[in-house]
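Quick note on labels: first sequence line is chain A, next is B, and so on, each numbered from 1.
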Amino acid sequence: MAKYDPARVEAKWRDRWARDKTDQVDLVGARRPFYNLMMFPYPSAEGLHVGNLFAFVGSDIQGRYHRLLGYDVFEPMGFDAFGMHSENFALKVNRHPAEMVPKNIERFRETQLKKVGLMLDWSHQVDTTSPEYYRWTQWMFVTLLKNGLAYRKTGPVNWCPSCNTVLAAEQVIDGECERCSTQVTKREMAQWYFRTTAYAKELLEELDTLDWSERTKVAQRNWIGRSFGAEVTFEVVGGPKFNIFTTRPDTLFGATYMVFSPEHPLLDSITTPERVQALADYRQQASRLSEVDRQAENREKTGVFTGALAINPVNGEKIPIWAADYVLMGYGTGAIMAVPAHDERDHAFAKKFNLPIVEVVDSGVGWDCQKEVYPGDGPLINSGSFNGLTAKGAGQEAIVESLASQGLAKKTVNYRLRDWCVSRQRYWGPPIPVIYCEKCGPVPAPEKDLPVLLPTLEDYRPDGSGLSPLARSPEFLRATCPNCGGPGRRETDVSDNFLCSAWYFYRYPSTQFADRPFDPELTKKWLPVDLYVGGNEHAVLHLLYSRWLCRALHSCGFLDFAEPYKKFVAHGMIVRDGAKMSKSRGNIINPDAYISEFGADAFRMYLMFMGAYLEGGDFRDGGVKAMKGFLDRLLVAVLPEEGETLGQDPPQDAETLYWLHSVIKAVGADIARFSYNTAIARLMELVNHLTKNKIKNQVIAEALTRLLAPFAPHLAEELWEALGHRESVFKSSWPEYDEAATQRPEVEYVIQINGKVRGRLNLAKGLTQEELEPLVLADPTVIKWLAGKSVARKIYVPDKLFNLVVN
RNA sequence: GCGAGAGUGGCGGAAUUGGCAGACGCACCGGCCUUAGGAGCCGGCGGCUUAGGCUAUGGGGGUUCAAAUCCCCCCUCUCGCACCA
């Protein structure tokens, strides 16, 4: 067997694994459970993307490695098949998603996923579009609603005119739809929301305790966005009191005007009659702007005076109230005090509308506040009795304390996070299980009536009316109120696809239970997830939503933990020849072609070798072939020739022992830190050493086979069998190493003169400075370099180097 | 603008703690074998060089016996947030 035929070998082991249920785990009887989760794909018609495979293989290596370490590894897979990705494609090819999705799932599983050699337990597959699954997605909604964590609200929402639906804040990227990159517009609509903000504090603070990729945590921190400050109460002259939020209460004496967001409800009652028309015009103008235009960089400030005045609580001054769209209704209280001397945006506004600018923080360098902003720190000036105190420090404390004693201020923390808008005016999703009754209002569908089945609509096209296509089905609409039995009407929106994916990992261990979303016992045993591997693009989408849902279910008493993933690892992105892959560039990698030509093992190994897993890699065309060449060499290096028998005794010579044990140690350590490229490099070094020195031995062959197994499972099985084993290599164990043997008996001591390498000495390990020094000084090159000089200092690093400092 | 990460040969990328820069691989060059090579095997491979060395990890300073690694300044790229008060 000089070379092997991957097609034959891989098919053989695929069948064997299926026959022997090698990839399944006894969920109930497992003693050392390890839940190895990878982000499930949506079954697109294009087929599995190489990016999916990169993610899966990197995760599978962990699963297989832990299996060899003796864990009972549960590695499930499913399909995130509801949502616009599936629906839009069905629309494009003019078919029905209910017809396309099962076919795509079948193809994903049978012709792609099963050929990659992933250790997946297909007896626990999840399909989010099956009624058995979305019944519980709807149960989540009902449960949240009953516990006050879901609510309906009318307000401005993000609308994607191309997808014809509203979007959550997280799904608007730079003012564009996350899915189709169309500019998002504002629309006033009644929608269902989940109270993500209820856990903003916990979601932020618990991040510190999580073993997650740092960049994922940073993205969540930015998104949740905490800022410290104070809420200060102002009063409209002859009108009501209102609160503003500021992070700079120390600059209160510098507030020369107030700004309300155009959507602020108080504007209606305080605007003076002669300004009403101007305000109405401005509001009209502001609402027409798209999200992109409104957020455009350095946009010219706009605004309108309301005619009303407010009283500054610290000095009693009457200052004008303006409405301007640079103040957002969704953040803080929707109203601010403007301090143009010390805030860039207020400064720009004040300059444009000729509003007074009063400096209250001494810059100390003669800053001209009429011309420029001074945002920094310093002693307070023009601030009455607070003069001289440090702004941001003592000044801030004193002003807030003083106002607080009169009930006019309190310290506040504000979050940028918004509640999650979950309504979608589309067809391909789980219907929101709510019935509207004229008498009782919105009533959750009774649990016994779940699932509210998604009807098969011939015409499921979204129409942009703001209503889901389900609204066009009279049979679906009709319902009776679960409360009073009177006539009712069904909610016709479906829920955001991210709700389906926010809980799928609770379902995997419990797919056999029809009467509960997840079994308490199995959940206790298997969750939280031990290791979750996925793409960082979900940092503030899926990962945030699922953390929130976990916390919500925890507080409702359904889970005894509040964080769903013990460890999350964000893998990198693959590019090809240094460029992003895209259909328009025509540089998409087709995994199937490589797998059928070189085998899944070679493809897996090349994907893992081409770069650091956590950073991503650059796919080069020749790489897979080269990796197949390595596997051929490995096979020759490991297996006996025709008629040859392998030595059964462990190798004796120190050099071979060193190679074997140091590679075992390094490969394990590398896998543990997701450094697959260096682990594979180690395997190559070992094979090179064996080939070069013509070393063949049963002990080495078995060790190398097991080290290879997480990366190239089919070939490892084939070798393991050829080495005389009947059971799967994955029922064996990870090879052990002897720490003493990982050190060479001889080491190379580097001799430096003034920090420059001038020689090397191969000598016994562990020499003391006294032992080494005469040998160093006797070295001919050293003698040459020391001629006519004197040694000022000697530095000895044990087993490594001897540095002579000479003048 | 704020935050995070990165910048190393022709290329992808290595380098647990400050201690031999360039592991491993690709490409390339030379040799062997061959009717042939898009096969296999062996060897070479940062740059300069007067062959002793010198120089080299984005640029410039610094700390140190010793810096890809630590500190300061600057440049470039990627990602996240961004009119968030």
Side-chain angles (χ1 to χ4, degrees), chain A residues 2-3 173-174 213-227 229 244-248 251 259 261 294-299 301 324-328 330-339 342-346 348-349 375 414-418 536-537 539-540 573 575 577-578 606 609-612 614-623 625-627 629-630 632-633 636 666 669-670 673 675 677-685 688 691-692 748-760 784 792-806:
Chain A
K3 276 190 195 179
I173 314 289
D174 293 331
S213 294
E214 193 55 33
R215 59 202 172 109
T216 313
K217 294 209 239 181
V218 166
Q220 287 208 357
R221 274 190 204 110
N222 283 341
W223 186 257
I224 297 169
R226 169 160 57 185
S227 46
I244 59 101
F245 173 72
T246 177
T247 54
R248 292 296 302 273
T251 60
V259 186
S261 162
R294 182 156 170 175
Q295 291 179 359
E297 212 165 329
N298 297 328
R299 202 182 125 230
K301 293 276 180 294
D325 66 3
Y326 81 93
V327 173
L328 311 171
Y331 186 77
T333 62
I336 63 157
M337 66 173 194
V339 185
H342 306 292
D343 181 280
E344 214 174 316
R345 296 150 299 179
D346 298 344
F349 192 85
N414 242 308
Y415 297 92
R416 187 186 165 283
L417 183 72
R418 312 288 170 79
N536 208 41
E537 67 274 15
V540 297
M573 297 269 284
V575 297
D577 301 319
Y606 178 62
F609 183 68
M610 67 186 177
L614 304 182
E615 260 125 68
D618 190 354
F619 189 94
R620 301 284 159 133
D621 209 31
K625 184 181 180 178
M627 195 55 80
F630 167 67
D632 287 333
R633 284 198 300 282
V636 171
D670 284 349
R673 64 190 176 104
S675 183
N677 53 340
T678 56
I680 292 168
R682 292 295 189 168
L683 296 178
M684 289 172 168
E685 282 184 280
N688 289 347
T691 307
K692 191 175 246 176
E748 189 175 67
Y749 292 90
V750 171
I751 305 169
Q752 292 185 341
I753 309 240
N754 286 343
K756 296 212 158 128
V757 181
R758 298 300 181 195
R760 299 149 200 281
K784 194 185 78 186
R793 232 179 120 180
K794 301 163 199 163
I795 288 131
Y796 175 54
V797 182
D799 296 332
K800 279 195 178 144
L801 133 169
F802 202 102
N803 187 14
L804 295 166
V805 184
V806 303

State which of [options] makes the closest approach to the side chain of [X].
| X | options | answer |
| --- | --- | --- |
| A:Met684 | B:rG25, B:rG43, B:rA82 | B:rG25 |
| A:Val797 | B:rA21, B:rG12, B:rG19 | B:rG19 |
| A:Thr247 | B:rG13, B:rC24, B:rA85 | B:rA85 |
| A:Val805 | B:rC65, B:rC83, B:rC81 | B:rC65 |
| A:Asn222 | B:rC81, B:rC83, B:rG12 | B:rC81 |
| A:Arg416 | B:rC81, B:rA23, B:rG19 | B:rC81 |
| A:Val218 | B:rG3, B:rC83, B:rA82 | B:rG3 |

| Can you give the dot-bracket line for RNA chain B, where a pair is Watson-Crick or G-U wobble with both atom distances under 3.5 Å, crossing pairs use [ ], and | marks a partner on another strand? | (((((((..(((......[....))).(((((.......))))).(((....)))..(((((..]....))))))))))))....
| Is A:Asn754 reaching over with its side chain to a backbone N or O of A:Val806, donor-acceptor style, under 3.5 angstrom? |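 Confirmed, A:Asn754 side chain pairs with A:Val806 backbone.
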Have a look at [X] and say if it touches a base, only the backbone sugar-phosphate, or nothing, with a 4.0 Å heavy-atom cut-off.
| X | answer |
| --- | --- |
| A:Phe609 | base |
| A:Glu748 | base |
| A:Glu214 | nothing |
| A:Asp577 | nothing |
| A:Arg793 | base |
| A:Ala612 | sugar-phosphate |
| A:Arg673 | sugar-phosphate |

| Can you tell me if A:Thr216 and A:Asn536 form a side-chain donor-acceptor pair at under 3.5 Å? |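 Checked: A:Thr216/A:Asn536 side chains pair up, N/O donor to acceptor below 3.5 Å.
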| field | Donor/acceptor link under 3.5 angstrom from A:Asn803 side chain onto base of B:rC65 | value |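 Yes, a donor-acceptor pair under 3.5 Å.
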| said: Is it the case that B:rC65 (base atoms only) and A:Lys794 (side chain only) share a donor and an acceptor within less than 3.5 Å, ignoring hydrogens and angles? | reply: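 Absent.
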| Crowded around A:Arg682 CZ? As in, over 12 foreign heavy atoms under 6.0 Å? |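 Check fails, neighbour count at 12 or below.
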Take atom [atom1] in [N] and the same atom in [M], then report the distance between them in whole Å.
| N | M | atom1 | answer |
| --- | --- | --- | --- |
| B:rC71 | B:rG80 | C1' | 27 Å |
| B:rG59 | B:rC42 | C1' | 43 Å |
| B:rA85 | B:rU16 | P | 40 Å |

| query | B:rG9: syn or anti, with syn meaning chi within 90° of zero? | reply |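 In terms of base orientation relative to the sugar, B:rG9 is syn.
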| request: Flag the pair A:Arg221 and A:Glu214 as a salt bridge only when some basic side-chain nitrogen lies within less than 4.0 angstrom of an acidic carboxylate oxygen. | output: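 A salt bridge links A:Arg221 with A:Glu214.
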| Validation row, ring centre A:Tyr606 to ring centre A:Phe619 under 6.0 Å |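 Yes; A:Phe619 has its ring centre under 6.0 Å from that of A:Tyr606.
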Side-chain N or O of [X] less than 4.0 angstrom from OP1 or OP2 on [N]?
| X | N | value |
| --- | --- | --- |
| A:Asn688 | B:rG25 | yes |
| A:Ser227 | B:rA85 | yes |
| A:Asn677 | B:rA14 | yes |
| A:Tyr331 | B:rA85 | yes |

Which atoms of nucleotides 49-57 of chain B (N or O only) lie under 3.5 Å from a protein N or O atom, and what are those distances?
residue, atom, partner, partner atom, Å
B:rC54, OP1, A:Arg758, NH2, 3.1
B:rC54, OP2, A:Arg758, NH1, 3.1
B:rU55, OP2, A:Lys756, NZ, 3.4

| query | For the residue pair A:Tyr326 and A:Ala338, what are the closest heavy atoms and their distance? | reply |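 Heavy atoms of A:Tyr326 and A:Ala338 come nearest at OH-CB, 4.4 Å.
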